Amino acid sequence: MAFRAFYALPVDNFATDTGQHTNAVYGFTTMLLTMIRQQKPTHVVVAFDLDTPTFRSEEYTEYKAGRSKTPEEFHGQINLIIKVMEAMNIPTVSVDGYEADDIVATFAALAEQSGWDTRVVSGDRDAFQLITDRTLVLYPKKGVSDIPPMDAAAIEEKYGVRPERYPDLAALVGETADNLPGVPGVGPKTAAKWINLYGTVEEVLAHAEEIKGKAGQSLRDHAEDVRRNRRLNHLLRDMELPVSLEATELRHPDHEQVEELFDALQFNTVRQRLFDTLAERLGGEPEAAPVEATPEFTVLTADADGATGLQDFLAQHAVNLMGVHVVLDGPAILPKRKIPAPGDYGVALGAALVAEDAAVYVDLAGGPGQGSEGTQHDAGPGPILAAYLAEAGHPKAVYDLKAVAKSLKATGHRTGLGQDVALAGVVDDVLLSAYLIQPDRRGYGLDALVQTHLQSTLEMEADPTQAGDQLELDLEDPGSAFEEALVQARAAAGVRAAWMVRRLSEQFQPELISRGAQQLLVDLEVPLASVMVDMELAGIAVDRPVLDGLFDDFTERMEAAQESAWASVAEANGGEKVNLGSPKQLQTLLFEKLDMPKTRKTKTGYSTDVESLTDLLNQTQHPFLENLMLHRDATKLRQTVEGLRDTVAADGRIHTTYSQTAAATGRLSSLHPNLQNIPVRTEAGRRIRDVFVVGAGYSTLLTADYSQIEMRIMAHLSEDEALIQAFRDGEDLHRFVGAQVFGVAPEDVSSEMRAKVKAMSYGLAYGLSSFGLSKQLQIPVDEARGLMKGYFDRFGAVRDYLKEVVAQARKDGYTATIKGRRRYLPDLNSDNRQLRDMAERAALNAPIQGSAADIIKQAMLDVQLALDEQGLGTRMLLQVHDELILEVPDGELEAATAVLQDKMGHAAELSVPLDVNVGAGRSWHDAAH
DNA sequence: CAAGCAACGTA
DNA sequence: CGTACGTTGCTTGA
C-alpha cells in the first residue's frame, strides 16, 4: 500500500524543506484514515515486509527478482510510516523470514476463529485467497483513493473462480510481479475453465494427460513451475505473532507524538483529520491520563500565624532538595501584548515549597487585611522565607531562575521580602538542565518538560477552562471568599509546579552526571543566569533625539528611493506603484513585465535577494534595480531604528532579554529587541551604534571583544602546529595563512589574497564546500578547490581534525565542546543525503561555536566576580557572542580594562593565547573604534 | 488570523 | 552546495 501511495502521488509535491519525500507517508496515512472512517474497525494492525530473505526466496532464489530498484525518493518513507503508526498507537508487525501477507493472513485467520469480521487492505492479489463470508479484501483499483471491497462474488465475477481457488488460478497463470512464470499460453480464462472442471490445481495437474491441444502440452511441460507457484503463493495462516489480536484494539493517538511527527513531516491538514477521525471512531476525547497526585499542602498567609508554620516546615525539610516555585503575577495577566514592556516584571504572588512528601504555599499577595494594592507586608513569613531563599546551604531546584530572580529583584519591595531578595543555593534550574540535555528543542515551557520527561501533565484539570469557570462563579460571592478561592487555586498550581520541578530535577541529575555536564550546569549556566539578571535590569542608555533623527533620515531616504524606483518603471508598469516590499509583485514586474533573466529559484518563484538583484543590475543596467536596493537598505535600517525606538523604557534605556536556551550550540540569543544584530558593516548602520551611549552616573562605555576566537579554538582543537605557532607569535592570522597557501612572504600577501584566505578560514569551520567558496569569492570552482588544497597541504592537522570530528560524532551520536557541552546529531546517520550533509556541517561547527560560547560565558562570570571583589561600580550591559559591553563610572576605566583583559584573556586554557581588544568611548560605536 | 516565506541584520 | 540566531512585512490558507 505504501508503494501504491508512492506511485499514485506526485513525489515532487510532497517533501519537507529538508528534502525528505513524504508522498508515500501522506498517501498511506490518508488511506488508512479513510479506511477507519469507512469501515469503522474496532481493531487495526499494520504488517510490513522486511528487507531480509524469506522462506519464499530461500526456496526459489528468483522470487521477486527482476524488480526495479527501490526509487531513491522512497527511501526512509517506510520508517516514517512506522513512526506515524506508533504515534497513532497502531501496532506494526514484521517477522523475519516472512512477508507482510503471511502476517495479515494469520491475523485474518485468528479473527475468523474469534468470529470477527475482517477487512484486509492489500495491493497483492494473493490476499484474495483469504476471502470468506466474514473476511473481505480491499484491493486498490487506482492509487489509494479507490479501494472497493472484494467479496467472493466479486472474485468469481472477475476471475471465474471461488476466492479459495484464486491461488490455483494464479499458479497456472503466473505472477509477473513476483517473477513467477506460469504456463505459457494459459491465461485466466483457460485456467478458470480447468479449475472449475477439475477442482484444485493438483487435480488439474493429475488430469493433465486428458487436456488436449497446445495448452495441454504446455501444462505438462510446465507442471513443476505450477507446483512451485502454488507452494509460493500459499499464504501462511498459523504464524507465531508477537502481537495478540486483542492488542490491536484501536486506541486514541499519542497527541504529543503526532504533533511532533507531523510538524517534522510538515503535514498540517492531515493532522486534524487524524484527530477527528479517531475521535469520531472512539467517541469523544481521549480518556485523560490518570493525573498524578501532588502532595497535600498548607497555605500560609503573610502574618504571624504563618510564620510558625513556615518555620516548622523549614526546620524539617530545608536541608533536603526543595522544589521551589515562585508564582508570578506576570505578563500573563497584562493586556494581550506579546512583549512585556520593561518594568512589567511579574510580581511574586506566592512561593510554593515542595519537599519529598510535604509542601507549603506562602501567600505573598492576597490574604484578608493585606489588601491587593501591593502594600508592604508586616514581619511574618517574609523575613523567614527571604532568609531561606538566600541561604546557600539549602539546596533548591527551580524553573527559570533568571525570570524568578529578575522579578524578585525588580519588585522585591512589593512582596514583603525586602528590597534585596537573594536566591541562593540553587543546585538546579530545570529549564537549564533540560537545555543541556537536549539543546535543540523548540520550547522549554514547564508544561512541555513535564510532558516529555515525566509523561505527566502540569495542568491538574482535564479541562483547564473549568477552573476558570469556577472562579468566575465565585465572583458573585463577597470579596473575601473570592480572594480565598483565588489563593487556593494559585497555591494548588504553584505546589504542583514545584513538585514537577523537583521531580524533573531528580530525573535530570543522574543524566547530567553521567554525561559530565554537572559542572556546566552548576558552575556555568546557573550562575550566569544571575549575572544576566543584572545585565537585563541595567539595560543600555540610548540617545533618544539622535535615534528619532535617524528614523526621520532613513524615512526620507526610503521615500526618495521609492519615488525613484517607481519613476524608473512608470512606463513598463503602466503607472502602477509596485509595493517594493512584496517579493511577489517584484517578481511580476522584473520577470514578466520587464522580462529580465530568471534568477535563483525559491519555493514561491524567483529570488529577488540582493545577490540576485546585483546580478540583474550587471546584466541589464536597469536603474530600477539600483533604486530598489537603496530602498531595501533604507527600510531595513528604518525598521531597526523603529524597533529600538519602540522598546526604550521609561528609564531611557533599552532592556533586552537574553535567552539562555535558544541556540543549540550554547550561544545566548537576544530578544525584544535583538541587540545582537545591530548593524555595523555599513556607515549608515554604524550610525545606529552611535545612539547606544553611556548613561547618567557613568562616564564611559567599554567594549571588549575576542579577536578570531573561533580560529583560535580551531587551532587548539586540531593541534595544528603551524596554526598554533602563528597565534603564539601574534601574527596577522590571515596574512600568515595567505603566505603559506600562496607560497609568498607574509609582506607580499596582497589584500585580495588576504580576503580570500579569510573567507576560506572561516568557511572551513562551517563546512564550506569548494562550490560555496567559488561562489562567495566569485572565482572558478577549480581555483576554489586549489585554494582549499593549498590550505590543507599547509595545515594538515586541521583537515584531520575536521574529518575526525564528524567521524567521532557519527559514532557517538553527539559533538562536545571544551566544557563538555553536547549537541546530538541523529541525522548524521540519516539516509537522506540533504539531512545528513546538514548534520555534518553542524557537527563541524558545533564544537567551535559552542566552545567559544563556553569561553565567553566563563569570562562573564569571572568578570562579574572580579568587579564585585574589587568593589567596582562598573557593570556589564550586553553580550554579543564574542564581545562584552560595559558601563564604567568615573575613575574606574583603568581597573575595568584590566579586569576585562585578565578575565577574558584567561577564561580558558588553550594552546594558543586568547587575544582581547578593549576600547572606551561615549557610544558603542566610539568604544569599538 | 496564524503560519510560512523571503529577506537581512549580527557573530 | 558554510554555522548560529531574531525580526520584519507580505502572502497564503485554514
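Just so we're on the same page: letters track the sequence lines, and every chain starts at 1. None of the values given here were measured: they were computed from a predicted structure.
Only A/R841, A/A842, A/N845, listed by number, bring a heavy atom of residues 840-848 of chain A to less than 4.0 angstrom from any atom of DNA chain C. DNA chain C is contacted by A/K584, A/Q585 of residues 583-590 of chain A, taking any non-hydrogen atom closer than 4.0 Å.
Of the side-chain N and O atoms in A/T604, one or more sit less than 4.0 angstrom from OP1 or OP2 of B/dA6. OP1 or OP2 of C/dC5 has not a single side-chain nitrogen or oxygen of A/T665 nearer than 4.0 Å. Dashed line: the shortest gap from a side-chain N or O of A/S769 to OP1 or OP2 of C/dG2 is under 4.0 Å. Within the structure, a side-chain polar atom (N or O) of A/T602 is placed less than 4.0 Å from OP1 or OP2 of B/dA6.
More than 12 heavy atoms of other shown residues, nucleotides or ligands fall within 6.0 angstrom of atom CZ in A/R441. Atom NZ of A/K593 sits in a crowded spot, with more than 12 heavy atoms from other residues, nucleotides or ligands closer than 6.0 Å. Around the CD atom of A/E576, the shell of radius 6.0 Å holds no more than 12 heavy atoms that belong to other residues, nucleotides or ligands.
Among the atoms of the strands shown, none is found under 4.0 Å from any heavy atom of A/T635. Among the heavy atoms of the strands lying under 4.0 Å from A/G763 is at least one base atom, whether or not backbone atoms are also near. Residue contacts for A/N579: at a heavy-atom cut-off of 4.0 Å it reaches the sugar-phosphate backbone alone, with no base atom in range. Among the protein residues, A/R681 comes within range of the nucleic acid bases, having at least one heavy atom under 4.0 Å from a base atom. A/S770 comes within 4.0 angstrom of nothing in the nucleic acid, heavy atoms only. Nucleic acid contact for A/Q639: sugar-phosphate only, since backbone atoms but no base atoms lie under 4.0 Å from a heavy atom of the residue. Heavy atoms of A/S659 sit nowhere under 4.0 angstrom from any nucleic acid atom. If you check every strand for non-hydrogen atoms under 4.0 Å, A/R823 touches sugar and phosphate atoms only.
The two residues A/A784 and A/S770 have their closest heavy-atom pair at CB-O, 3.4 Å. When all heavy atoms of A/P847 and A/V805 are compared, the pair lying nearest together is CG-CG2, 3.9 Å.
The distance from atom CZ of A/F267 to atom C1' of C/dA14 is 18 Å, rounded to the nearest whole Å.
In this structure, the side chains of A/R37 and A/D276 come closer than 4.5 Å at one or more pairs of heavy atoms.
No hydrogens or angles were tested; on distance alone, nothing pairs the side chain of A/N674 with the base of C/dG6 as donor and acceptor under 3.5 Å. Between the side chain of A/K603 and the base of B/dC5, no donor-acceptor pair of N or O atoms lies under 3.5 Å. Taking 3.5 Å as the limit, the base of B/dA11 and the side chain of A/R667 contain a donor-acceptor pair of atoms between them.
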Run the numbers on A/L617 and A/H622 for side chain to side chain contact (heavy atoms under 4.5 Å, CB included), then give the verdict. CA-CA 6 Å; A/L617 181 61; A/H622 201 292; 5.7 Å; no
